[in-house]
**Q** 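The structure is given below, and queries will be raised subsequently.
Here the structure is a predicted model, which is why all the values come from computation and not from measurement. First the proteins, then the strands, lettered A, B, ... as listed; each starts at 1.
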2 protein chains.
Amino acid sequence: MDEAEGGRRDYRAEAEPLTPRDGAARRPVTLADVAREARVGESTVSRVLRSHGSYSQKTRAQVEAAVARLGYVPNRIAGTLASTGSRLIGIVIPSLTNIVFPDLLRGATATLEAEGFQPVIAVTDYDQDREETVVDSLLSWRPAGLIVTGLEHNPGTVRRLAASGVRVAELLDVDGPGLDIVVGYSNRAAGAASARHLVGRGYRRIGYIGHDLGRDRRAAKRYAGFREGLGAAGLALAGEERIAAPSSIEAGRTGLAALLARVRDLDAAYFSNDDMALGGYFHCLARGLAVPGRLALFGYNGLDVGRLMPQPLATIRTPRVEAGATAARLVCGSGPATVVDLGFELVEGATA
Amino acid sequence: MDEAEGGRRDYRAEAEPLTPRDGAARRPVTLADVAREARVGESTVSRVLRSHGSYSQKTRAQVEAAVARLGYVPNRIAGTLASTGSRLIGIVIPSLTNIVFPDLLRGATATLEAEGFQPVIAVTDYDQDREETVVDSLLSWRPAGLIVTGLEHNPGTVRRLAASGVRVAELLDVDGPGLDIVVGYSNRAAGAASARHLVGRGYRRIGYIGHDLGRDRRAAKRYAGFREGLGAAGLALAGEERIAAPSSIEAGRTGLAALLARVRDLDAAYFSNDDMALGGYFHCLARGLAVPGRLALFGYNGLDVGRLMPQPLATIRTPRVEAGATAARLVCGSGPATVVDLGFELVEGATA
DNA sequence: TTGAAAGCGCTAACAG
DNA sequence: CTGTTAGCGCTTTCAA
């Protein structure tokens with residue numbers, strides 16, 4: 001099925017690299033060089049470059065000319081050390097495989113960029129011990145703030161965070177106590193709303209297909225909320241299938257297949273997220289199961305792909321990009337500790 | 001169709017934040033504090049902490065005890081300034097919307113982490129002027145290296161890069177001269193291989209559905225390669241549709257619809273990537289067009305979603321994660337300028 | 001409006 | 001094996 005193409009090869013660049021690796025590494029241009037070139041003091045250059053304090057227009061011109069002539073690039077490492085805080089914001093996310101987290105990053109980086117901050121990212125693979133490690137590592141850069149995902153952390157992580165004194169924003173969950181800034185939505189409420197919706201549409205034999213809930217705490221909260229929602233209607237799950245792996249289209253597809261093999265009379269399937277649900281949808285298409293006639297499908301996240309399926313996916317849309325942006329804005333500010341619940345939106349779609 | 005839920009609300013955290021914003025900001029613990037506490041010199045502490053140079057086991061124990069007692073976190077800003085280079089690697093990508101770039105990041109961050117480096121990311125939105133700006137900004141952190149996407153840059157960007165003397169890796173393209181390290185695959189060859197494959201399967205009325213080629217230079221190279229491939233077989237495109245926007249499932253769906261409305265007798269559609277092709281597939285499903293009987297589909301990237309569709313998508317699989325990892329490894333090293341062509345793989349799938 | 005000088009917290013010689 | 005002493009490049013008083 002696969003055909004090797006575009007053969008692998010390693011070779012030296014034919015042309016001389018534009019970045020000569022010259023042995024005689026020339027000393028980088030410093031602010032002192034600029035001062036000398038512009039015939040002014042170092043502090044004057046510093047003021048001009050940061051448009052801070054006062055200086056004459058003539059001086060400004062001289063400095064700018066010198067900067068251009070020398071190709072000076074300020075050294076923010078030195079600047080940060082000399083001044084109080086850095087313009088770095090650490091961002092800790094569990095994964096880059098699920099588009100949800102790039103979406104967060106997208107919102108955060110756009111806002112940070114606008115405010116003159118630089119994001120430094122770290123990935124935990126849904127592992128709280130790794131989170132502790134990367135938080136430590138990020139903290140050593142003395143960031144102005146840290147954005148982390150979720151409300152559950154190791155005690156050690158919390159201790160370090162508290163001791164560091166930096167602002168912390170926790171993202172994507174509001175179901176529990178936060179450390180400082182909390183931006184997200186209630187996963188529990190989302191799960192419950194999903195259950196109410198399915199029940200309201202008349203489904204009674206509802207199954208759950210999910211991924212590794214031990215690691216993904218927010219998915220676990222949705223699951224709990226969903227069961228509560230069913231319970232409130234006097235129902236219970238007709239069956240469930242959990243994949244001991246991160247969520248994926250594949251896990252959704254094989255998960256639904258496995259569940260249907262065991263519980264044949266399901267009339268609806270609730271998935272831990274849209275990726276999983278898409279996998280389920282593909283299974284239905286492949287097997288010719290009518291959706292929602294034979295089986296209704298419900299997801300979580302409101303991804304583009306769900307909106308564009310031949311039948312739009314029933315799901316819960318979450319404002320992820322906005323959450324990232326909001327967290328970035330607040331973490332750079334100096335407001336009080338806050339919880340911002342951005343809410344969510346139930347998308348009826350056509351699969352349920 | 002939409003139902004508002006999980007109402008938005010802003011409120012103060014009920015519990016006292018674990019990170020007290022105490023007005024009397026306590027002075028952070030420094031290496032000097034540790035030295036005093038451990039009753040040794042500062043340089044001794046430094047040596048122990050970096051396991052560099054020599055010291056007695058007894059000293060090591062004292063230092064470690066002091067570090068633990070004081071909760072000391074090293075300040076890498078200061079460390080970097082005092083030593084030669086930083087352990088920061090800048091990564092510049094055009095977008096976070098297409099999963100391809102998070103994939104790159106995934107490969108790169110994993111490798112960087114293992115080598116003790118920290119990634120700092122910036123997003124250009126496929127804008128070369130913005131690339132110049134963010135490269136400048138990244139350079140001011142004096143990174144050990146920079147990973148950028150593609151081979152096309154503003155002259156100003158190239159100048160700054162060259163002047164900085166940092167290692168630079170260019171990713172995802174090998175069709176053209178590079179600055180230093182180049183890691184990727186030939187987009188042109190991929191386009192040509194796609195054309196040969198479709199022609200080989202007997203398709204003759206082939207259309208192209210693409211996105212903004214002015215900004216996405218690699219997609220433009222695939223397009224050029226594809227046309228060359230057709231030309232070599234004595235064929236030409238039977239029609240094409242270009243969306244003046246970034247690639248998306250939606251653009252693929254509407255693009256194919258528009259093209260079929262104009263050119264009714266197409267027998268195959270070549271898409272600028274898998275997202276676009278997925279949109280096309282959804283269009284076919286929605287309209288009941290048999291794939292590949294009525295219309296064959298071909299994409300680019302080899303995303304999971306294509307593999308898991310009821311009919312696996314015909315596409316070209318690219319080693320993106322590996323490319324990110326390779327670039328990270330090389331950019332942290334001190335080897336010669338290199339081009340690494342990782343090649344690609346044609347996936348026959350079932351849609352062509 | 002400007003410059004001199006004193007650090008920021010750490011690393012890297014260099015003595016001892 | 002360990003401490004002392006210079007800086008790294010910049011910002012920030014504080015005088016001038």
**Q** Would A:Glu113 and B:Arg130 pass as an ion pair if we require N to O under 4.0 Å?
**A**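 Salt bridge flag = yes for B:Arg130 with A:Glu113.
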
**Q** Check the pair A:Arg27 / A:Asp33 against salt bridge (Lys or Arg N to Asp or Glu O under 4.0 Å), numbers first and verdict last.
**A** CA-CA 11 Å; A:Arg27 184 178 59 74; A:Asp33 298 325; 3.2 Å; yes

**Q** Checking contacts here: which listed nucleotide (D:dG3, D:dC10, C:dC10) is nearest the side-chain heavy atoms of B:Thr44?
**A**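 So the side chain of B:Thr44 is nearest to D:dG3.
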
**Q** Given D:dT12, C:dT1, C:dC10, identify the nucleotide with an atom nearest to the side chain of A:Ser54.
**A**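 Closest of the options to the side chain of A:Ser54: C:dT1.
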
**Q** Can you tell whether the side chains of A:Asp180 and A:Arg167 come within less than 4.0 Å, N to carboxylate O?
**A**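 Salt bridge flag = yes for A:Arg167 with A:Asp180.
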
**Q** Within the 4.0 Å heavy-atom criterion, would you say B:Arg47 contacts the bases, only the backbone, or no part of the nucleic acid?
**A**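 It contacts base atoms.
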
**Q** Return the value, rounded to whole Å, for the distance between atom CG of A:Leu81 and atom C1' of D:dT12.
**A**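 Going from A:Leu81 (CG) to D:dT12 (C1'), I get 13 Å.
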
**Q** Just to confirm, is there a sub-4.0 Å distance from OP1 or OP2 of D:dC10 to any side-chain nitrogen or oxygen of A:Tyr72?
**A**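 So the side-chain polar atoms of A:Tyr72 do come within 4.0 Å of the phosphate oxygens OP1 or OP2 of D:dC10, strictly under.
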
**Q** Nearest heavy atom decides the nucleotide; on that basis, is A:His52 or B:Arg60 closer to the 5' end of DNA chain D?
**A**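 Of the two residues, B:Arg60 wins.
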
**Q** As a test of reading the structure: which of D:dT12, C:dT2, D:dT2 is closest to the side chain of B:Thr59, going by heavy atoms?
**A**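 Within the option list, the nearest is D:dT2.
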
**Q** Among D:dT2, C:dC10, D:dG9, which nucleotide sits nearest the side chain of B:Ala78?
**A**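 Nearest listed nucleotide: C:dC10.
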
**Q** Base, sugar-phosphate, or nothing: which does B:Thr30 touch, judged by heavy atoms less than 4.0 Å apart?
**A**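 Sugar-phosphate, no base atom in range.
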
**Q** Please pick, from D:dT2, C:dC10, D:dG9, the nucleotide with the shortest atom-to-atom distance to any side-chain atom of A:Ala82.
**A**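 Among D:dT2, C:dC10, D:dG9, the one nearest the side chain of A:Ala82 is D:dG9.
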
**Q** Where do A:Ile77 and A:Trp141 come nearest, in terms of heavy atoms and distance?
**A**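 Nearest heavy atoms, A:Ile77 then A:Trp141: CD1-CZ3, 4.5 Å.
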
**Q** Under 6.0 Å from the six-membered ring centre of B:Tyr55 and within 45° of its axis: does the NZ or CZ of B:Arg47 meet both?
**A**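 Pair B:Arg47/B:Tyr55 does not count as cation-pi.
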
**Q** Between C1' on D:dT11 and CZ on A:Arg87, what's the gap in Å once rounded to a whole number?
**A**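 The distance from CZ of A:Arg87 to C1' of D:dT11 comes to 14 Å, rounded to the nearest Å.
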
**Q** Can you check the B:Leu31 CG to D:dG7 P distance for me, whole Å?
**A**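 Rounded to the whole Å, the gap is 20 Å.
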
**Q** Is A:Ser43 side chain donor-acceptor paired with the C:dA4 base, going by distance under 3.5 Å alone?
**A**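 Under the 3.5 Å cut-off, the side chain and the base do form a donor-acceptor pair.
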
**Q** What nucleic acid atoms does A:Thr80 come within less than 4.0 Å of, heavy atoms only: base, sugar-phosphate, or nothing?
**A**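 No contact.
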
**Q** For the pair made of CH2 in A:Trp141 and P in C:dC10, what is the distance, rounded to whole Å?
**A**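 Atom CH2 in A:Trp141 sits about 13 Å away from atom P in C:dC10.
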
**Q** Does the side chain of B:Thr338 come within less than 4.5 Å of B:Val182's, by heavy atoms?
**A**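 No, side chains not in contact.
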
**Q** So, does A:His52 use its side chain to make a donor-acceptor pair with the main chain of A:Leu49 at under 3.5 Å?
**A**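 Pair absent, no side-chain N/O of A:His52 close to backbone of A:Leu49.
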
**Q** Rounded to whole angstrom units, what separation is found between the CG atom of B:Asn75 and the P atom of C:dC8?
**A**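 In whole Å, C:dC8 P and B:Asn75 CG are 12 Å from each other.
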
**Q** I'd like to know if B:Glu132 and B:Arg160 make a salt bridge, using a cut-off of under 4.0 Å between side-chain N and carboxylate O.
**A**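 Salt bridge between B:Glu132 and B:Arg160, a charged N being under 4.0 Å from a carboxylate O: yes.
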
**Q** When the distance from CD of A:Gln57 to C1' of C:dT2 is rounded to whole Å, what number comes out?
**A**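 My rounded result for the distance is 15 Å.
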
**Q** Describe, as an angle rounded to 10 degrees, how the axis at the first end of the helix from C:dT1-D:dA16 to C:dG16-D:dC1 is tilted relative to the axis at the last end, five pairs per end.
**A**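 It works out to 30° between the end axes.
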
**Q** Roughly, in whole Å, what's the span from CD in B:Glu42 to P in D:dT5?
**A**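 In whole Å, D:dT5 P lies 11 Å from B:Glu42 CD.
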
**Q** Please state how far atom CZ in A:Arg50 lies from atom P in D:dT13, giving the value in whole angstrom units.
**A**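 In whole Å, D:dT13 P and A:Arg50 CZ are 10 Å from each other.
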
**Q** Looking at D:dT12, D:dG3, C:dT11, which one has an atom nearest to any side-chain atom of A:Ser46?
**A**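 Ranking D:dT12, D:dG3, C:dT11 by closest atom to the A:Ser46 side chain puts D:dT12 first.
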
